[in-house]
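Here is the structure we will look at.
Throughout, residue positions are numbered sequentially from 1 according to the sequence presented.
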Amino acid sequence: MRYRAALTPGTRLRYTCPMPIRTLPPQLVDQIAAGEVVERPASVVKELVENSLDAGARTIEVHVEGGGCRLIRVTDDGLGIPREELLLALSRHATSKIASLDDLEQVASLGFRGEALPSIASVSRLRLVSRIQDASHAWAVSGDGSGRWEGPAPAAHPPGTTVEVRDLFFNTPARRKFLRTEATEFRHVEDVLRRLAMGWPRVAWQLRHNRRMVWTLQAADTPAAEVARLGRLLGEAFPAQAFHLRTEAGGLLLHGWVARPAYTRRQPDQQFFFVNGRSVRDRLVAHAVRQAFQDVLAHGRHPAYVLFLELDPAEVDVNVHPAKHEVRFREQRRVHDFLFRSLQRALAEPGPAQAAAIRAARAAPEAGARPGGTAASRAAAPGQAVLSFPAVRESLAHYERLYGGPERAAEAPVAEASLPVPGTAPPGTPGEEDAPLGHALAQLHGIYLLAENREGLVIVDMHAAHERITYERLKAAWAGEGLALQPLLVPLTLAVAPHEADLVEEAQETFRALGLELDRVGPDRLRVRQVPALLAGADVAALVRDVIADVAALGDSRRVQEHIDALLATMACHGAVRAHRRLTREEMDALLRDMERTERSGQCNHGRPTWRQVTLEELDRLFRRGR
């Protein structure tokens, strides 16, 4: 005997009269399943369009009315459904996409459960019309949401399938009242189709709302056409600031477009990731991307990308979420490391060393407000670099010799602009092809460096550029020194959960490789005996807890390296050339050449751009030349 639980206002959970265990009616079963699959009109559109894609459609037309609440009609030119299978297609757990457990473990299609059509049909008035390629006419079936069907009956229709869904949730008013306004529901529909259109560029698309054409996309069969499609779907700023990425290793292929760090967003609204053509929102993927962008993004900003990961379907489990939004990788750490290193290498490319990148560069919105104000207001007195690591000290000393120390900064006069003599060419032996950032012309207010290259004018924020150069040299020097360790004078005892203590015992080698010596001294107690020397003054307890969480989730952690990088970034900021320092022409050209050779030199350590290209065409427009 079981008892029914109920809540009454102002009381706790109570139990009412007993109810017997019984089998639910098929219609109620379908409506419960619809609650998992059909959240709103956009969910219906997603399921129907994914069926069209699985059927091999090359053209898909979507027409919605009332934001999808009154009508959703999806028409495709796919393979179609034979007459004898139409009613079966509307039955629960009936599908052509898998037939055995082996098929389920290597699903290559978007759908596979056989639940979408019957679930949608249980909460709407549905009509399905389909014609296979060699048939003389189509066949149609229709239902009223009660589980009863009319047909199949002959119908006129070109090869392919149309599914028409009317009056969504008409028989479940409690679900319908949770829907939002027509405009909001249509925005969700458009977001779903935008994502699918990016994931399937070889398919042509049409979207209509209330009989008005919203957008039409032709099939994109070339890279140039794919870029044009991205411009239509995301705005022209994205493809103008994005670079193409393609890398392959160990059976994993990553390709797509990544926006340069100067193009960032306040929200993660332009982040699209596809696994074997399936759009997913995966925490492992998000973590890998966030780590790859760590050194080049301003605080509170988000990168933009459209990326595709392809791998053996047997290596990814897609049966982990009712709406198929999430996946689970069988080798999570390998996938995470592949994504992180692929993106990190791509972002580390010295952009200014590529003339094509400079020609594509345009004035883009800054990656957020400058942290702490101007470079001058953020300047702190140098002399903070008191490390005992020779290579790191030598890296800072190199720039002291090149740009002078604080005493020279105090002696240097503040110049409005140090302009060259008219008619003289700037010095420098490299040609323009060897010097994409060109040659120095002047300083402006002791903050900006002006240079001339083939494209026009280059403007450099000297402090930001020098900060990035110094930071990258410090990281290289630190990597060359190895991980110096320091025992704690008084070992730190840390309370953790028992399963976390178990993890530390099992993964001792992982923690030692990170420079952490941890001993278990009780069921829920750890003792920290040794940490990386550079982090001896950090919050060790918080660091260890974060590392344990990372190792539990991913099998490894970059927390230690992130803390070290943060400290080196601070040192680089303090050691960079000060604002209002007057540099010689040779020093300015040396800074430009260093930028061309340095990884990630397009952004400072805080994510701000270090340089901008102003083309001759833009200058001509500014002064109305040729008009």
Side-chain angles (χ1 to χ4, degrees), residues 282-295 297 299 317 320 326 328-341 344 384 386-389 391-392 471 474-475 477-571 605:
D282 188 86
R283 286 180 294 178
L284 179 140
V285 169
H287 186 268
V289 173
R290 187 169 60 251
Q291 283 195 330
F293 274 86
Q294 177 189 338
D295 264 358
L297 279 188
H299 178 71
D317 183 3
V320 296
E326 300 173 6
R328 181 184 296 116
F329 298 103
R330 303 204 187 279
E331 296 186 57
Q332 293 195 74
R333 180 173 175 179
R334 184 169 75 96
V335 173
H336 180 279
D337 288 351
F338 172 71
L339 295 176
F340 166 70
R341 299 191 188 284
Q344 188 186 49
Q384 303 278 341
V386 289
L387 295 181
S388 59
F389 306 105
V392 177
Y471 177 42
L474 286 174
K475 287 197 298 183
W478 167 256
E481 292 287 342
L483 197 63
L485 305 179
Q486 178 174 317
L488 295 181
L489 187 62
V490 179
L492 173 67
T493 301
L494 195 62
V496 296
H499 72 272
E500 292 177 320
D502 293 340
L503 175 67
V504 170
E505 274 195 316
E506 295 167 4
Q508 277 290 332
E509 292 304 316
T510 297
F511 288 95
R512 287 196 188 99
L514 296 171
L516 297 172
E517 184 179 329
L518 309 176
D519 294 334
R520 186 173 189 173
V521 294
D524 57 356
R525 290 290 188 276
L526 297 175
R527 184 160 292 157
V528 186
R529 298 187 181 276
Q530 187 170 258
V531 298
L534 202 58
L535 301 180
D539 185 344
V540 175
L543 172 63
V544 170
R545 292 184 194 279
D546 288 344
V547 171
I548 291 174
D550 285 348
V551 173
L554 304 171
D556 202 353
S557 176
R558 281 185 47 83
R559 297 281 180 172
V560 171
Q561 188 60 51
E562 288 173 4
H563 279 70
I564 291 172
D565 287 348
L567 182 56
L568 295 179
T570 301
M571 293 168 52
N605 311 342

Which atom of [X] lies closest to which atom of [Y], heavy atoms considered:
X      : Y      : result
Ala501 : Pro523 : CB-O, 3.7 Å
Leu339 : Ala288 : CB-CB, 3.9 Å
Pro532 : Gly515 : CD-O, 3.3 Å
Ala495 : Arg545 : O-NH1, 2.9 Å
Leu492 : Ala541 : CD2-N, 3.8 Å
Val285 : Phe329 : CG2-CE1, 4.3 Å

Got a second to check how far [X]'s [atom1] is from [Y]'s [atom2], nearest 0.5 Å?
X      : Y      : atom1 : atom2 : value
Gln332 : Asp337 : CD    : CG    : 11.5 Å
Arg341 : Gln344 : CZ    : CD    : 7.0 Å
Phe338 : Glu331 : CZ    : CD    : 13.0 Å
Glu506 : Phe511 : CD    : CZ    : 10.0 Å
Gln530 : Leu516 : CD    : CG    : 9.0 Å

Quiz item: Does anything in residues 493-505 pair up under salt bridge (charged side-chain N to carboxylate O under 4.0 Å, His left out), and if so which pairs, sequence neighbours excluded?
Solution: Asp502-Arg520, Glu505-Arg520

Quiz item: Just wondering, do Leu488 and Val531 contact through their side chains at under 4.5 Å, heavy atoms?
Solution: yes

Quiz item: Quick one: are His287 and Arg283 in side-chain contact, heavy atoms under 4.5 Å?
Solution: no

Quiz item: What's the verdict on side chain to side chain contact (heavy atoms under 4.5 Å, CB included) for Leu526 and Ile548, showing C-alpha distance, side-chain angles and the deciding distance?
Solution: CA-CA 11 Å; Leu526 297 175; Ile548 291 174; 3.8 Å; yes

Exercise. Would you please name every residue forming a salt bridge (Lys or Arg N to Asp or Glu O under 4.0 Å) with Glu509, sequence neighbours left out?
Key: Arg512

Exercise. Go through the structure and list residues passing salt bridge (Lys or Arg N to Asp or Glu O under 4.0 Å) with Asp519, not counting sequence neighbours.
Key: Arg529

Quiz prompt | Name of the residue among Val551, Thr510, Val547, Leu518 meeting side chain to side chain contact (heavy atoms under 4.5 Å, CB included) with Val504 | solution = Leu518

